[in-house]
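See below for the structure under consideration.
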Amino acid sequence: MSDLSAYRDSAQTSAAWPFEEARKIVARIARTGKKQVLFETGYGPSGLPHIGTFGEVARTTMVRRAFETLTSGEIPTRLIAFSDDMDGLRKVPDNVPNKALLAGALGMPLTKVPDPFGTHPSFGEHNNARLRAFLDQFGFGYEFMSSTECYRSGMFDATLLKMLERYEAIQAVMLPSLREERASTYSPFLPIHPVTGHVMQVAVDEVKVDAGTIVWRDPDTGKAYETPVTGGHAKLQWKPDWAMRWVALGIDYEMAGKDLIDSVKLSGEIVRALDAEPPEGFNYELFLDENGQKISKSKGNGLTIDEWLTYASPESLSLYMFQRPREAKKLYFDVIPRAVDEYLSFLDAFERQDEKNRLGNPVWHIHGGMPPAPEKIAAAGSNQAATAVSFGLLLNLVAVANVEDKGVLWGFLQRYAPGASPQTHPRLDRLVGYAIRYFADFVKPKKVYRAPDDVERDALAALKAKLLTMPADASAELIQEAVYDVARAVPRYQDFKAKGATPERPGVSNAWFNALYQVLLGEERGPRFGSFAAIYGIANTVKLLQNALDGVLIRDHEAFLAAKAPAGG
RNA sequence: GAGCUCGUAGCUCAGUCGGUAGAGCACGUGACUUUUAAUCAUGGGGUCAUGGGUUCGAAUCCCAUCGAGCUCACCA
């Protein structure tokens, strides 16, 4: 943290949004005199963690780090990941096994619903574990809290009793926001049915402030019950629950999606009805799919976090989350490569920037003020500055060179920068892996292999024969010479207008190379062929030529596409 | 009906108390021993959506208009 204190002054005026948020919290504690700051992110545990979950925690953490920088770490902070696991199960999710098991538990608190996966005592606990594993995988610092445990332990009791006392004031906040038919039966308290265990959404007949209970009737049996609002015998409706939690835990900051703006407002009013101050907040925009539609779990559109992490690093996803949180951004496959390269260039720029600019650099926020040094490679025998290899470059390379193996791609890289290796450049190595997966899933399907005609067949056969006479470690230059020499003998490829061409020794036209790329790689363009063959290996190249002559390349590609078709789509 | 965001180069966007418009990519040209991924140099390109206001001075602050898009108004 001592490193960060250097940024304290510049941070006071930084325009980066995490600092603007953090300054709101600084003003808040100046007002309240609090000695620590609590951040909260909340989850409805009926679903699995998703890309929005990541976004909310990542962004909250950015504000947290900004706050710590503003205050030189003098004020302790905590981030609470709160799981609303006492919520009643409303419907059976589509993506779970043993649906019948869940169907029998509709209406029960999630921590009373059996675990369809059979790994935890309840569905709620199962999902809590998934949430924690998810957050841990990214190294987020947080404290987990279970709503069920909070209610049962009595941690919420004092605030719950106060809400009972202010019952009318809370209703005065809530009722105008509801339609008539709903308002007539609305109660902020949801008693847990003492017999069935269901979370009951029923009208409250009587509020007994002194006894700390509510009186209600079972709509099916008509039987009346008196239930304490404390000790986990009842829970709260969502918006009052949020408000109660803010008060009981003393939350200072919580962000929410734009769809919750009105809810934040109502919950805030309830907090004020409890004589407390609602937390500072921030409303981030929702993500859209490539057609501009809101991403929702039920629709399954947009991009999942697993998909992102298949093709790019968590850091690139953090960058995406950092940038323009108040704008509706499209979140689909095409944004990934750009996010990766922007991350790399921001990382590259960081070293050259002064304090103030660093605070505006996304990598400062992604890495909590301490971004790693960029990994660069230096060209052999060159006094040019080392540069970072971009994802775009790797994608290009992997596509034209038909690379499916990390080693081969490293071969190309080392050709340019002999000193580099997966050991010296581990992050570049991961980038290489991402590029290859991208190739397999998005580039390879678009390849179009074409069959050679008779002239091309002869030329390819001649090239193969020539390569067979060469040593396995023949240099790229030597192979390149051979490629030219083979084509020089073929009238179709002779080019007498080429630079340095003579009638006895014609140049070679582009048609030859185009044919090689189209037939062998399924691409319109490609790498320098000599270099390609040297890295790919003479034996492999010979096999590639033979496969082209045998029609194997086309057959294999068709089989590949056929196998992919049903799963893809 | 209520609220939010955005409009700057062909594209994606920076532009941090107001002080002569920037980057990356793309494109043009040139260099690198027979052009074919990776390099380098260089060039063109913007009435900062529109109209007004404040100011010595506005992409930046204020108001209005137009345009693009989103969210909420049942539940969480």
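Just so you know, these numbers come straight off a predicted model, no measurement behind them. Just so we're on the same page: letters track the sequence lines, and every chain starts at 1. Both backbone and side-chain heavy atoms feed into the values below; hydrogens, waters and symmetry mates do not.
- Regarding contacts with the backbone of B:rC13, every side-chain N or O of A:Q323 stays at 4.0 angstrom or more from both OP1 and OP2.
- Under the Watson-Crick or G-U wobble criterion, with both distances below 3.5 Å, B:rG1 is paired with B:rC72.
- Closest approach to the A:R488 side chain among B:rU34, B:rU36, B:rC4 is made by B:rU34 (side chain taken as heavy atoms from C-beta onward).
- Within the 4.0 Å cut-off from OP1 or OP2 of B:rC75, not a single side-chain nitrogen or oxygen of A:R90 is found.
- For A:E342, counting side-chain heavy atoms from C-beta on, the closest listed nucleotide (B:rU12, B:rU36, B:rU34) is B:rU12.
- Considering only side-chain N and O atoms, A:R324 lies nowhere under 4.0 angstrom from the phosphate OP1 or OP2 of B:rC6.
- The separation of B:rG53 from B:rA59, taken at their P atoms, amounts to 15 Å, rounded to a whole angstrom.
- Note: A:Y434 and A:Y311 fail the aromatic proximity criterion, with ring centroids not under 6.0 Å apart.
- Ring pair A:F346/A:W364: centre-to-centre distance not below 6.0 Å.
- One atom, NZ of A:K258, and another, C1' of B:rC6, lie 11 Å apart when rounded to the nearest Å.
- Contacts of A:E481 with the nucleic acid, taken as non-hydrogen atoms under 4.0 Å apart, include base atoms.
- Distances were taken from every side-chain heavy atom of A:D84 (C-beta onward) to each of B:rG69, B:rA76, B:rU34; the shortest belongs to B:rA76.
- Distance from the side chain of A:Q480 is smallest for B:rU36 among the nucleotides B:rC6, B:rU36, B:rA76.
- At whole-Å resolution of the value, OH in A:Y343 and P in B:rA23 are 25 Å apart.
- For A:R182, whose side chain is taken as the heavy atoms from C-beta onward, the closest listed nucleotide among B:rC75, B:rG3, B:rU5 is B:rC75.
- Separation of the C1' atoms belonging to B:rA21 and B:rC32 is 35 Å when rounded to the nearest angstrom.
- Between A:Y186 atom OH and B:rC75 atom C1' the separation is 11 Å, expressed in whole Å.
- The base-pairing partner of B:rG18, taking Watson-Crick or G-U wobble contacts with both distances under 3.5 Å, does not exist among the strands shown.
- Between A:H50 and A:Y43, the ring center distance fails the sub-6.0 Å criterion.
- Residue A:F287 contributes atom CZ, which lies 21 Å from atom P of B:rC4 at whole-angstrom precision.
- Taking atom C1' on both B:rU55 and B:rU65, the two are 23 Å apart, rounded to the nearest angstrom.
- Whole-Å rounding puts the A:F19 CZ to B:rC17 P distance at 16 Å.
- Using the six-membered ring where Trp is involved, A:F529 and A:Y517 have ring planes that are tilted, between 30° and 60° apart.
- For the pair A:D85 and A:K112, the salt-bridge criterion is not met [side-chain N within less than 4.0 Å of a carboxylate O].
- A distance below 6.0 Å separates the ring centres of A:F282 and A:W17.
- Taking atom CG of A:L260 as the reference point, atom C1' of B:rA2 lies 16 Å away to the nearest angstrom.
- Put simply, CZ on A:R326 is 24 Å from P on B:rA68, counting in whole angstrom units.
- Atom CD of A:E285 is separated from atom P of B:rA68 by 17 Å (rounded to the nearest Å).
- Rounded to whole Å, the separation between the P atoms of B:rC48 and B:rU33 comes to 46 Å.
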